[in-house]
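Throughout, protein chains are lettered first and strands after them, A, B, ... in sequence-line order, and every chain is numbered starting at 1.
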2 protein chains.
Amino acid sequence: MSLIEPDGGVLVNLIVPEALRGAKIAEAQSLKSVTITEIDVQWVHVLSEGWASPLRGFMREREYLQALHFNCLRLPDGSVVNMSIPIVLAVSTEDKERLAKETAITLRKPSGEPLAILRNPEFYPHRKEERASRSFGTTHPGHPYIEIINASGDWLVGGDLAVLEPITYGDGLDHYRLSPADLRAEFARRGADAVYAFQLRNPIHNGHALLMTDTRERLLQRGYQNPILLLHPLGGWTKPDDVPTHVRMQQHDAVLDEGILDPETTVVAIFPSPMLYAGPTEVQWHAKARLNAGSNFYIVGRDPAGMKHPERLNAKGQSDDLYHPDHGQVVLQMAPGLEKLEILPFKVAAYDKKAGKMAFFDPSRAADFDFISGTQMRAYARNGQAPPDGFMGKKAWQVLVDFYRSA
Amino acid sequence: MSLIEPDGGVLVNLIVPEALRGAKIAEAQSLKSVTITEIDVQWVHVLSEGWASPLRGFMREREYLQALHFNCLRLPDGSVVNMSIPIVLAVSTEDKERLAKETAITLRKPSGEPLAILRNPEFYPHRKEERASRSFGTTHPGHPYIEIINASGDWLVGGDLAVLEPITYGDGLDHYRLSPADLRAEFARRGADAVYAFQLRNPIHNGHALLMTDTRERLLQRGYQNPILLLHPLGGWTKPDDVPTHVRMQQHDAVLDEGILDPETTVVAIFPSPMLYAGPTEVQWHAKARLNAGSNFYIVGRDPAGMKHPERLNAKGQSDDLYHPDHGQVVLQMAPGLEKLEILPFKVAAYDKKAGKMAFFDPSRAADFDFISGTQMRAYARNGQAPPDGFMGKKAWQVLVDFYRSA
């Protein structure tokens with residue numbers, strides 16, 4: 001069930017081959033089962049396609065502890081792979097007691113449908129305070145993913161997964177959900193000699209676009225013939241005030257339609273992971289998953305996977321950033337197990353009022369630049385007000401206006 | 001200022017050579033200065049003798065972030081050394097503003113005396129919540145070292161140290177404070193072919209002694225001719241309810257006097273580090289420092305560097321352990337950069353009521369064993385009551401009785 005890649009890396013595939021499907025579904029129906037959450041299903045999706053290779057299922061305790069303490073796993077051959085976040089399944093004490101002696105259990109979707117078989121389950125305590133502390137650098141119960149952790153069961157269960165069929169959502173976006181193997185094949189089909197990935201969970205403005213086209217220029221200057229952009233919005237769970245995936249996909253499509261990004265050199269796909277808002281810890285996961293999907297360059301901006309602290313104020317009395325905005329880039333560049341991925345730190349783009357367009361920020365004439373925050377953008381869209389000319393493509397902007405006015 | 005070790009490892013020595021001392025003291029007197037705490041002085045001590053090699057001073061931000069996120073540092077040659085705890089110096093915003101433009105600053109002892117020159121200072125924010133979270137797995141303000149962090153300055157300052165002279169305390173215990181270089185020399189003098197280190201911050205009972213003598217037996221059986229025990233109590237800051245260093249040293253001396261441990265094959269020395277109570281994170285530091293001091297085996301017990309959670313109760317309504325008692329051993333055995341140190345997990349010893357002595361716990365006759373807790377031991381000593389015969393050497397026990405009755 002694994003595919004040996006040209007560079008020797010193994011891309012795990014946990015989806016039951018079609019020939020065995022009937023038998024495995026019958027087995028799943030015969031086993032004791034536990035119903036998991038929508039977010040858990042997204043993690044099963046992530047695991048099933050090998051985004052988290054070499055993981056073969058939800059983490060056992062040794063893997064979990066390595067992720068928490070070292071942000072990487074040591075493999076039996078002594079090599080090190082990056083693995084900064086726990087990918088774990090929480091269950092209640094009641095479920096743990098009911099299932100502790102099983103050699104295999106079935107995971108069911110919230111709808112009740114069997115999703116996967118988890119073999120040789122290993123139950124271990126869900127030490128939530130410690131997990132939150134070490135992953136998020138805070139234990140604040142107002143952090144949106146810590147809230148989810150705190151509401152989940154008191155045990156974790158690790159084990160090898162056999163996923164009964166490819167995971168789809170039937171939301172009209174499944175064609176964007178390319179697996180790492182699909183993406184590698186697509187890059188090969190296009191003859192890419194460099195793949196640079198851009199993770200985002202927000203609408204694309206012209207500053208992002210400038211950054212991506214500039215990256216392509218720099219790669220061409222370095223001698224690459226055919227650099228391909230993996231435009232890779234995160235499509236799993238996000239906090240309620242983020243723009244929903246289907247709106248973002250429409251907005252991204254409009255950006256390509258308008259020619260702001262070149263469809264010839266861009267692959268648009270959805271990254272199925274939930275969002276954690278774990279800053280420097282999470283950006284490693286975002287990068288590692290794209291390495292597994294065939295990228296060799298990763299663009300990283302200011303405060304990746306960051307958010308405002310749920311409580312702390314800065315010196316000006318405003319909500320403080322939860323993470324230091326520079327730490328994501330710095331930590332990512334030092335992270336163990338990502339040596340094959342070149343990290344391209346982001347130049348900051350802002351609206352250049354003099355030039356009337358998004359441009360790289362020039363500190364020598366700071367007063368000419370306007371940083372348009374997400375809050376400001378939402379206010380413009382809600383009020384049907386146009387943002388400064390050149391901030392975003394017109395069709396792309398209209399997608400946001402329609403969303404915010406109907407929301 | 002560094003000593004190349006036979007295995008190629010560099011043992012950092014930051015103490016100014018005697019010939020230069022006068023000039024450096026004069027320089028220190030001419031520089032702007034900051035007064036540091038007693039605990040900071042202990043960290044300078046640790047750094048000055050190379051316990052934290054290859055660190056050459058208080059951590060700069062890149063080192064600090066690697067310690068927090070990865071528990072290890074990657075060196076320019078690509079190799080990895082373990083470094084699980086931040087060794088940092090906190091200063092106030094006022095001091096930071098006063099000193100930010102200096103190229104060197106003097107660190108003064110609480111008494112005002114110049115202690116060291118810190119060169120090329122790098123000031124960076126002391127993000128206390130994040131530091132506590134990632135190091136301790138909790139942010140609870142009742143944790144004794146987090147209390148110290150929270151009371152300290154809002155900036156950290158990293159930089160290379162030149163320590164003006166060897167650090168001593170004048171407390172009658174300085175002869176026990178052997179540097180890593182001293183210890184390596186002593187092991188060589190004794191012709192050791194194996195050195196096994198035992199960290200402790202508590203009195204030695206006969207269960208500990210059994211463990212140490214049993215380890216020696218096992219090493220002899222494995223073919224070592226002359227295994228030497230490094231009995232290495234921690235001598236830096238500990239929380240107020242721990243037994244003070246001078247009492248523990250008296251107690252350890254009594255154990256050797258009584259022949260419970262063999263002075264011929266034991267080196268008793270003080271490890272100058274402060275205690276953090278950081279469990280699985282700290283046990284790596286304890287092991288790494290002993291590796292630098294020439295050990296090649298490290299004994300690790302249940303719940304190393306652990307304590308009770310300041311608030312959380314367990315299912316029985318008692319104070320819960322802050323860390324899972326098994327995690328220290330498990331994490332230590334997987335820790336990056338400790339490959340040259342063999343970890344010897346501890347067998348649990350308890351008082352065997354049938355045999356009338358401390359013995360390895362035999363779960364098949366659990367009822368025969370009595371686990372004598374620290375609390376129970378203190379109660380015996382305070383009440384002048386004798387512990388079960390064979391629990392601890394008589395002279396050694398008397399040291400504790402004298403301490404608790406006078407305290």
Side-chain angles (χ1 to χ4, degrees), chain A residues 60-74 78 80 82 84 93 124-140 143 146 154 278-281 283-284 309-312 314-315 320-324 326-337 339, chain B residues 60-74 78 80 82 84 93 124-140 143 146 154 278-281 283-284 309-312 314-315 320-324 326-337 339:
Chain A
R60 299 174 182 278
E61 195 173 30
R62 289 177 66 87
E63 294 160 334
Y64 167 73
L65 289 172
Q66 288 180 78
L68 277 194
H69 287 275
F70 313 131
N71 287 7
C72 61
L73 304 176
R74 192 172 351 195
V80 164
N82 189 269
S84 59
T93 304
Y124 55 101
H126 191 184
R127 301 172 60 83
K128 296 172 184 178
E129 181 187 22
E130 187 166 358
R131 176 179 170 196
S133 298
R134 298 194 193 276
S135 287
F136 297 90
T138 179
T139 52
H140 201 291
H143 181 290
I146 294 177
D154 285 339
T281 303
V283 71
Q284 298 172 65
H309 193 285
E311 185 176 336
R312 191 177 61 217
N314 64 18
D320 201 9
D321 291 324
L322 175 55
Y323 303 106
H324 188 299
D326 297 336
H327 282 184
Q329 289 189 358
V330 176
V331 168
L332 183 59
Q333 289 179 79
M334 302 188 294
E339 294 76 10
Chain B
R60 298 174 183 276
E61 195 172 31
R62 290 177 65 89
E63 293 161 334
Y64 168 73
L65 288 171
Q66 288 180 77
L68 276 194
H69 287 275
F70 313 131
N71 288 7
C72 61
L73 303 177
R74 192 174 348 197
V80 163
N82 189 268
S84 59
T93 304
Y124 55 100
H126 191 185
R127 301 173 59 83
K128 297 173 184 177
E129 181 186 23
E130 187 165 356
R131 175 179 171 194
S133 298
R134 298 195 193 274
S135 287
F136 296 91
T138 180
T139 52
H140 201 291
H143 182 290
I146 294 177
D154 285 340
T281 302
V283 70
Q284 297 172 66
H309 193 285
E311 183 176 338
R312 191 177 62 216
N314 64 18
D320 201 8
D321 291 324
L322 174 55
Y323 303 106
H324 188 299
D326 297 336
H327 282 185
Q329 289 190 359
V330 175
V331 167
L332 183 58
Q333 289 179 80
M334 301 188 296
E339 295 75 11

Side chain to side chain contact (heavy atoms under 4.5 Å, CB included) between B/Glu129 and A/Glu311, intermediate numbers included: CA-CA 12 Å; B/Glu129 181 186 23; A/Glu311 185 176 336; over 6 Å; no
Partners meeting salt bridge (charged side-chain N to carboxylate O under 4.0 Å, His left out) with A/Glu130 (sequence neighbours left out): A/Arg127, A/Arg134
Residues forming a salt bridge (charged side-chain N to carboxylate O under 4.0 Å, His left out) with B/Asp154, sequence neighbours excluded: B/Lys128
Please flag which part of [X] lies under 4.5 Å from any non-hydrogen atom of chain B: side chain, backbone, both or neither.
{"X": "A/Ser135", "answer": "backbone"}
{"X": "A/Tyr323", "answer": "both"}
{"X": "A/Val331", "answer": "both"}

Heavy-atom pairs under 4.5 Å with chain A, option from B/Gln333, B/Glu339, B/Arg131 with the top count: B/Glu339
Approximate separation, where rounding is to 0.5 Å, of A/His327 NE2 and B/Tyr124 OH: 9.0 Å
Distance, nearest 0.5 Å, that separates SG of B/Cys72 from CZ of A/Phe70: 8.0 Å
Under 4.5 Å from any heavy atom of chain A - which part of B/Ala335: both
Closest contact, heavy atoms only, A/Pro125 versus B/His324: CG-CD2, 4.1 Å
For the student: nearest non-hydrogen atoms of B/His69 and A/Pro280, plus distance: CE1-CB, 3.7 Å
Other residues, nucleotides, ligands: >12 heavy atoms within 6.0 Å of B/Arg74 CZ: yes
